[in-house]
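Atom set for the values below is all heavy atoms of this structure, side chains included, hydrogens, waters and symmetry mates excluded. Treat the numbers as computed from the prediction; the structure is a model and nothing was measured.
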Amino acid sequence: MNILVTGGAGYIGSHTCIALLEAGHSVIIADNFRNSKPETVEKIMDIAAKEVIFYEIDVTDAEAVNIIFKNYKIDGVIHFAGLKAVGESVQKPLDYYYNNIVSTIVLTKACQKYGVNRFVFSSSATVYGDNTVPFVETMDLLPTTNPYGETKAISERILTDIAKADPSFSISLLRYFNPVGAHESGLIGEAPNGIPNNLMPYIAQVAKGKLERLRVFGNDYSTVDGTGVRDYIHVVDLAEGHVAALENLTEGVHVYNLGTGKGSSVLELVKAFEKANDIEVPYEIVDRRPGDIASCFADASKAKQELGWIAKRDLITMCRDAWRFEKNYKE
Ligand code: NAD
Ligand code: UD1
């Protein structure tokens, strides 16, 4: 299939482009490099030893999007392009609502206009809010605590309504848990700007000596050791989940958790990183981070049953691959 991958130069998008190319699909990337670099497109082609077509456009720009649909026979869209920093979304809500929601509307309108009916959307486990673990796709969603989370919940509703109104549409809403790690080549991975907000890149930068020590946000949650529990998933497993979702799309709207189904605490991740890489990660316990929940992990059985997909890579592999990328990475 010819797949349009919006945000294909980003962290999850770049790994997914490689998985698509390896599965024999053709890839057209649309990205404006708001949170990524042109070199990543070169690296995707180097790793996969295949060409991709690239458009530097903003996917909220309907005219620019329509040009791609006019120029190529697109069989499906995977829509990663979006802004994802939770804290920034509280400071700049309008930027987040505009970018993340208008992009979804512009792309689905182009799909309707050009008769493209396969659409895969990057959602997030954040839409579950502070629900009871494990999170199951059939649960009522609880309010999210920030504009970023709202953009995912609203986009899910828009796509659900589109699928209801137009039965020829096949839409997959993929709720990611916590993507970590990097491609085993060490060439692409997660390279956040400034001080990382997320745990794995923070740990990797402490290990590198770039940051002094990890601050563990609270050890008084009701979890295995008091620290927050999350479902960390290797980004390459996540990428493969997209290929499975795309290849198994049927009419209507389908929601899938993409996680491992297993929660790990902050301290368990620190220990796994130290063991995997034989390196020390100094840390201190500090106050809870506002907005955090105690535990978040998936019931991942629906994706296994319907897509034949499971996450295969363990915590040690995630830590080893995250560290290999961080060691190689030059800003
Ligand atoms: P990322 O920032 O690395 O990638 C997003 C890409 O989209 C970037 O290359 C950016 O330049 C591009 N982009 C943003 N707005 C654009 C626009 N208007 N037009 C064109 N390109 C645009 O983020 P990621 O971690 O790869 O996340 C991909 C998607 O998955 C996002 O929608 C994110 O919200 C969602 N998601 C991510 C996580 C996570 O932990 N990384 C978890 C759940 C959901
Ligand atoms: C964050 C986002 C969430 C998003 C998810 C995946 C917030 C509030 N939430 O969630 O919306 O969907 O990433 O991108 O940012 N931790 C530390 N020290 C650190 C960093 C994190 O102790 O320096 C802890 C956190 O308290 C949490 C765990 O590590 O228990 C994971 O944190 P993080 O990587 O930020 O992911 P989420 O909190 O799941």
query: Do Asn100 and Leu83 come within less than 4.5 Å of each other through their side chains, counting heavy atoms only?
result: yes

query: Quick one: does Met200's side chain get under 4.5 Å of Tyr232's, heavy atoms only?
result: no

- prompt: Looking at side-chain heavy atoms only, is the closest gap between Leu173 and Thr160 below 4.5 Å?
  reply: yes

- request: For Asp95, check salt bridge (charged side-chain N to carboxylate O under 4.0 Å, His left out) against everything at least two apart and list the hits.
  value: Arg34

query: Cation over ring, Arg175 on Phe135, under 6.0 Å and within 45°?
result: no

message: I'd like to know if the side chain of Asn257 and the backbone of Gly259 have a donor-acceptor N/O pair within less than 3.5 Å.
response: no

- prompt: What do you reckon, are the aromatic ring centroids of His242 and Tyr176 less than 6.0 Å apart?
  reply: yes

message: Side chains of Leu249 and Val120, heavy atoms from C-beta outward: is any pair under 4.5 Å?
response: yes

field: Heavy-atom side-chain contact between Thr145 and Thr126 under 4.5 Å
entry: no

field: Heavy-atom side-chain proximity of Ser26 to Tyr72 below 4.5 angstrom
entry: no

Pair Asn71, Tyr55: side-chain N/O donor-acceptor within cut-off below 3.5 Å: yes

- request: Please check if the distance between the ring centroids of Tyr202 and Phe273 is under 6.0 Å.
  value: no

query: Under a 4.5 Å cut-off applied to non-hydrogen side-chain atoms, are Lys43 and Ser14 in contact?
result: no

